Amino acid sequence: MTPLKDTRPFVRYVRTLTIREGEFPDYMSPYDCRLVYAMESGGRIDFPSGGCALRKGTLLIWPSGMEYRYVIPIGGEMALFAVNFDLDAAGDPPAFPIPPVRVETFCPERMIKAPECAELPLADAPLVLSDAYFCEGLLHDMLEEYERQRLFMQETLSAMMTRLLFSVARQRVQSEGGALVDQILGYIHSHYAEDLTNIRLGEVFGFHPNSLNRLIVRQTGQSLHQYLLTYRLRQAMPLIEAGAEPIAAVAARVGFSDPGYFSKLFRSKIGCSPIEYRKG
């Protein structure tokens, strides 16, 4: 399983696409990954796992080899952003677009396989996000970059695609408990100087501490306790820089009752002691 942060996306093709009734009626198989974003509502995409209505703001990502077809209602059409890409640019990937082919002519040996990625599960069904309006501006920028073919275009597109995929992964996670996490983090930001513990936060929000911890880990990558410690240290840094208070007083102001533990933690996280940090 490859973490998303260790992938190097390679963007092969960016375009806008208007599909009308009767176009692309057959199931097709792509040789690379596909991303589609619906600019307007209309029609659907069918996959072996089922169909997905293309309402405005819907974003889909699916891997190489996954069969799909567009289904447009009578007299209808749909406008899409479409991106052909590799999730990881290992080796020397072909730079020109690789068109999909009908299922019966698909050659598995030509497929550019995407690594398995926990943050973007694509193996059994496409990843689908509704109301993914956050990506529209970035897709416009990617299209402009692709069409102008400027110096360092490929590197710039790769950076843009990386940003988009991280945004998609974050949005996917935040859709599962994001509102509660925002409340918990907001509470920490307002009460970090108090005697906060996982048990105390569980009492405030009416959840078992272990459940809250799992939710915070999923949303932030840190345990609840580590998030609190990191936030306290960040609040301490400008106070230490200001130089108006003893280090022990700064530690107490941000929620550490033991100045020795504060100094030890500060050194382990920041790389120097609070006194050294103050001296610059």
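Because only heavy atoms are used, hydrogens play no part in the values below, and waters and symmetry mates are left out as well, while side chains stay in. Since the model is a prediction, treat every value here as computed from it, not as a measurement.
Considering CG of Asn84 and CZ of Arg15, their distance stands at 5.0 Å, rounded to 0.5 Å. A distance of 9.5 Å separates CE in Met161 from OG1 in Thr7, rounded to the nearest 0.5 Å. Taking CE from Met111 and SG from Cys33, the interatomic distance works out to 10.0 Å, rounded to the nearest 0.5 Å. Rounding to the nearest 0.5 angstrom, the gap separating the SG atom in Cys135 from the OH atom in Tyr133 is 10.5 Å. For the atom pair Ser223 OG and Arg214 CZ, the distance stands at 13.5 Å (nearest 0.5 Å). Once rounded to the nearest 0.5 Å, the distance linking CG of Leu129 with OG of Ser167 reads 10.5 Å.
Under a 3.5 Å cut-off, the side chain of Glu21 and the backbone N or O of Gly75 do form a donor-acceptor pair. Under the 3.5 Å distance criterion, the side-chain polar atoms of Ser263 are left unmatched by any main-chain donor or acceptor of Gly260. Between the side chain of Asp32 and the main chain of Ser64, no donor-acceptor pair closer than 3.5 Å is present. Side chain of Arg12 to main chain of Pro94: a donor-acceptor pair is present (N/O by atom type, distance under 3.5 Å, no hydrogens or angles). Judged by distance alone, the side chain of Arg278 and the main-chain N or O of Ile240 form a donor-acceptor pair under 3.5 Å. Side chain of Ser41 to main chain of Lys56: a donor-acceptor pair is present (N/O by atom type, distance under 3.5 Å, no hydrogens or angles). Side chain of Thr220 to main chain of Gln222: a donor-acceptor pair is present (N/O by atom type, distance under 3.5 Å, no hydrogens or angles). Here the side chain of Thr58 pairs no donor or acceptor atom with the backbone of Leu54 at under 3.5 angstrom. Side-chain atoms of Glu119 come within 3.5 Å of backbone atoms of Leu4 as a donor-acceptor pair (strictly under, hydrogens ignored). Remark: the backbone N or O of Val11 is paired with a side-chain donor or acceptor of Gln154 at under 3.5 angstrom.
Shortest non-hydrogen contact noted between Gly22 and Pro25 is O-CD, 3.6 Å. Heavy atoms only, all atoms of each residue included: Phe205 and Ile184 are closest at CZ-CA, 3.6 Å. Across all their heavy atoms, Ala95 and Phe10 have their closest contact at CA-CZ, 4.0 Å. Between Glu67 and Phe47, the shortest heavy-atom distance links the atoms O-CD2, 3.4 Å. Considering all non-hydrogen atoms of both residues, Pro30 and Tyr68 come closest at CD-CE2, 3.8 Å. Across every non-hydrogen atom of Pro9 and Thr162, the tightest pair is CD-OG1, 3.3 Å.
You'll find the side chain of His191 stays beyond 4.5 Å of the side chain of Val204, heavy atoms only. When side chains are defined from C-beta on, Leu59 does not count as touching Gln171, because their heavy atoms never get closer than 4.5 Å. Taking the side chain as every heavy atom from C-beta outward, Phe207 and Leu201 never approach each other to under 4.5 Å. Contact annotation: the side chain of Tyr31 approaches that of Val101 to within less than 4.5 Å [non-hydrogen atoms, C-beta and beyond]. Counting heavy atoms from C-beta outward, Met28 and Tyr70 have side chains that stay 4.5 Å or more apart. Inter-residue side-chain proximity for Glu145 and Arg150 is flagged as met; some heavy-atom pair is nearer than 4.5 Å. In this structure the side chain of Arg232 reaches within 4.5 angstrom of the side chain of Leu196, judged on heavy atoms. Looking only at side-chain heavy atoms (C-beta outward), Leu228 and Asn198 stay at 4.5 Å or farther from each other.
Using cut-offs of 30° and 60° on the angle between ring planes, the pair Phe262 and Phe256 is tilted. Using cut-offs of 30° and 60° for the angle between ring planes, the Phe81 and Tyr37 rings count as tilted. Ring geometry for Tyr231 versus His189: interplanar angle under 30°, hence parallel rather than tilted (30 to 60°).
Leu17 and Leu157 are members of different hydrophobic clusters when ILVMFWY side chains are connected at heavy-atom separations under 4.5 Å. Two different hydrophobic clusters hold Met66 and Leu165 under the rule that ILVMFWY side chains link at heavy-atom gaps under 4.5 Å. Residue Met78 is grouped with residue Val36 when hydrophobic side chains (ILVMFWY) are merged at heavy-atom distances under 4.5 angstrom, including chains of intermediate members. Note on Trp62 and Val168: separate hydrophobic clusters, where clusters join Ile, Leu, Val, Met, Phe, Trp and Tyr whose side-chain heavy atoms are under 4.5 Å apart, directly or indirectly. No chain of hydrophobic side-chain contacts below 4.5 Å, direct or via other Ile, Leu, Val, Met, Phe, Trp or Tyr residues, connects Ile19 to Val14.
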For side chain to side chain contact (heavy atoms under 4.5 Å, CB included), just list the numbers for Lys269 and Gln226, CA-CA rounded to whole Å, side-chain angles, deciding distance to a tenth of an Å, and then say yes or no. CA-CA 11 Å; Lys269 296 292 186 181; Gln226 286 298 321; 3.4 Å; yes
Assess whether side chain to side chain contact (heavy atoms under 4.5 Å, CB included) is satisfied between Ile275 and Lys279, documenting all intermediate values. CA-CA 6 Å; Ile275 292 296; Lys279 291 179 179 178; 3.8 Å; yes
Could you walk me through whether Leu35 and Leu164 pass the side chain to side chain contact (heavy atoms under 4.5 Å, CB included) check? CA-CA 11 Å; Leu35 179 149; Leu164 191 153; 3.6 Å; yes
Would you please test Phe96 and Tyr13 for ring-ring contact (aromatic ring centres under 6.0 Å, His included) and show each step? CA-CA 7 Å; Phe96 290 96; Tyr13 193 31; over 10 Å; no
Would you check, one step at a time, whether the test side chain to side chain contact (heavy atoms under 4.5 Å, CB included) holds for Leu138 with Met160? CA-CA 7 Å; Leu138 187 54; Met160 290 177 168; 4.1 Å; yes
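Residue Arg55 qualifies as open at atom CZ: its count of foreign heavy atoms under 6.0 Å is 12 or below. Surrounding CZ of Arg253 are at most 12 heavy atoms belonging to other residues, nucleotides or ligands under 6.0 Å away. Other residues, nucleotides and ligands contribute over 12 non-hydrogen atoms within 6.0 Å of the CD atom of Glu77. Around atom CD1 of Ile199, no more than 12 heavy atoms belonging to other residues, nucleotides or ligands sit under 6.0 Å away. The environment of CG in Asp195 is sparse: at most 12 heavy-atom neighbours from other residues, nucleotides or ligands sit within 6.0 Å. Arg234 CZ: 12 or fewer foreign heavy atoms inside a 6.0 Å radius.
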